[in-house]
Structure formats: C-alpha cells, structure tokens
Amino acid sequence: MKTTARGSIAALMTCMAAAGAATPALADSVPVGVPLEAVETTLGVPAPRVATGVPVPVVGAPEVPRHHTGDLLPAPLLPAIPVGTELGDTLVTSPVPNLLGRPETDGEGSVDAPATTMRARTPGAVVGAPLTMPDGSNFGLPNLTVPKLGLTAPELVGAPTALLGLGVPR
C-alpha cells in the first residue's frame, strides 16, 4: 500500500513539474508576417509586404483598497487594474512604380512603426456608505448621510510613432 501511495505522489510531482516546464515564456508581442502572395497571383501586381507584432496584454495586480478615517468602506471599492502591452514593431513596404516618370526610377515606399510600450488602467469605483461612523451623541448609533458614488478615470499611457520612407534606386 505504501509503495502505491509513494508512486502516486511521485507521478503527481512529475506531472506538475512537466506542466510547469511546458508553460511558454511570456512575450510582449508575437511577430506575425501577413501573407499577401495571393494578391500578386490574382491581380498581377506586386503586393505590399506587411510584418507586425500582435500585442499580448499582461494584466498587473489590482491596486489595494485603502481605508480612510471616518469612512466605513475602503476606497476605491472596485480597484483599477493595470494592463500593459507592447505594440510590436510594424513594417509595411510596397513597390512604387514609375516614381519620377521613368521606369528606371522604380522605388519602394515604407511605413515603419517601432515597438512601443502601452500601459492602461481600467476605471475604478468609489462608493461611500449611507451611514456615518458610530456617533456618541446618538447613543452610539450611526447617522444617515448621503451616499457617495464615483468613478476613477481610465488611463492610457504610451507614445506610438511611425516613420514614412521612400527609397529610390541609385
């Protein structure tokens, strides 16, 4: 009986270790190439090349509610949750024929957006109780008060940029 129990525990530990090792590393963005070869075949024109990164949002820890003197409920009651991601490096290139009116000046136009970190926070809710703290002048009973209700503003922080380029063969 003991050998079976030890074997089960060993098998369970092995499975847990394998599951932990098989977990992929967390990436900020996943690189993706957009296949547009079918456009060239169908339309008979050179297709643009598109390479980008798909953002992978990473959710952070919610902000901790804080208790303030004189309030029965913590603030914020519904905490804001931070989310961060990286907008992947995006490159779009396309052939530009007859750039200066002559076929020998065919060039290539490009739009390049470097990777940018974006951070966001969800809105939170601030709720006040309709009762005050216990009042000594009212035999220790709380008084009624106007309840408070509010939302904290969502945030979006980041600075995405893009570069426009035009290449002419020399």
Self-check item: Polar contact flag, side-chain donor to acceptor under 3.5 angstrom, Asp135-Ser137
Solution: yes
Nearest 0.5 angstrom please: [X] [atom1] to [Y] [atom2], how far?
{"X": "Leu151", "Y": "Leu78", "atom1": "CG", "atom2": "CG", "value": "8.5 Å"}
{"X": "Lys148", "Y": "Leu77", "atom1": "NZ", "atom2": "CG", "value": "12.0 Å"}
{"X": "Ile81", "Y": "Thr122", "atom1": "CD1", "atom2": "OG1", "value": "4.5 Å"}
{"X": "Thr69", "Y": "His67", "atom1": "OG1", "atom2": "NE2", "value": "11.0 Å"}

Minimum heavy-atom separation for [X] and [Y], please, with both atom names.
{"X": "Ala61", "Y": "Pro82", "answer": "O-CD, 3.2 Å"}
{"X": "Leu91", "Y": "Ser110", "answer": "CD1-CB, 4.4 Å"}
{"X": "Ala120", "Y": "Leu156", "answer": "CB-CD1, 4.0 Å"}
{"X": "Met118", "Y": "Pro160", "answer": "SD-CD, 4.2 Å"}
{"X": "Ala47", "Y": "Pro95", "answer": "O-CD, 4.1 Å"}
{"X": "Glu63", "Y": "Pro79", "answer": "O-CB, 3.1 Å"}

Hydrophobic clustering (ILVMFWY, side-chain heavy atoms < 4.5 Å, transitive) - are [Y] and [X] grouped together?
{"X": "Leu131", "Y": "Met133", "value": "yes"}
{"X": "Val92", "Y": "Val34", "value": "yes"}
{"X": "Leu149", "Y": "Val146", "value": "no"}

Exercise. Would you please name every residue forming a salt bridge (Lys or Arg N to Asp or Glu O under 4.0 Å) with Arg49, sequence neighbours left out?
Key: Glu108
Quiz prompt | side-chain hydrogen bond (donor to acceptor under 3.5 Å, both in side chains) involving Asp89 - partner list, sequence neighbours excluded | solution = none
Practice problem: Only one of Asn143, Asn138, Leu144 passes side-chain contact (heavy atoms from CB on, under 4.5 Å) with Thr132; say which it is. | Solution: Asn143
Quiz item: Would you say Thr161's side chain and Ala159's backbone share a donor-acceptor pair under 3.5 angstrom?
Solution: no
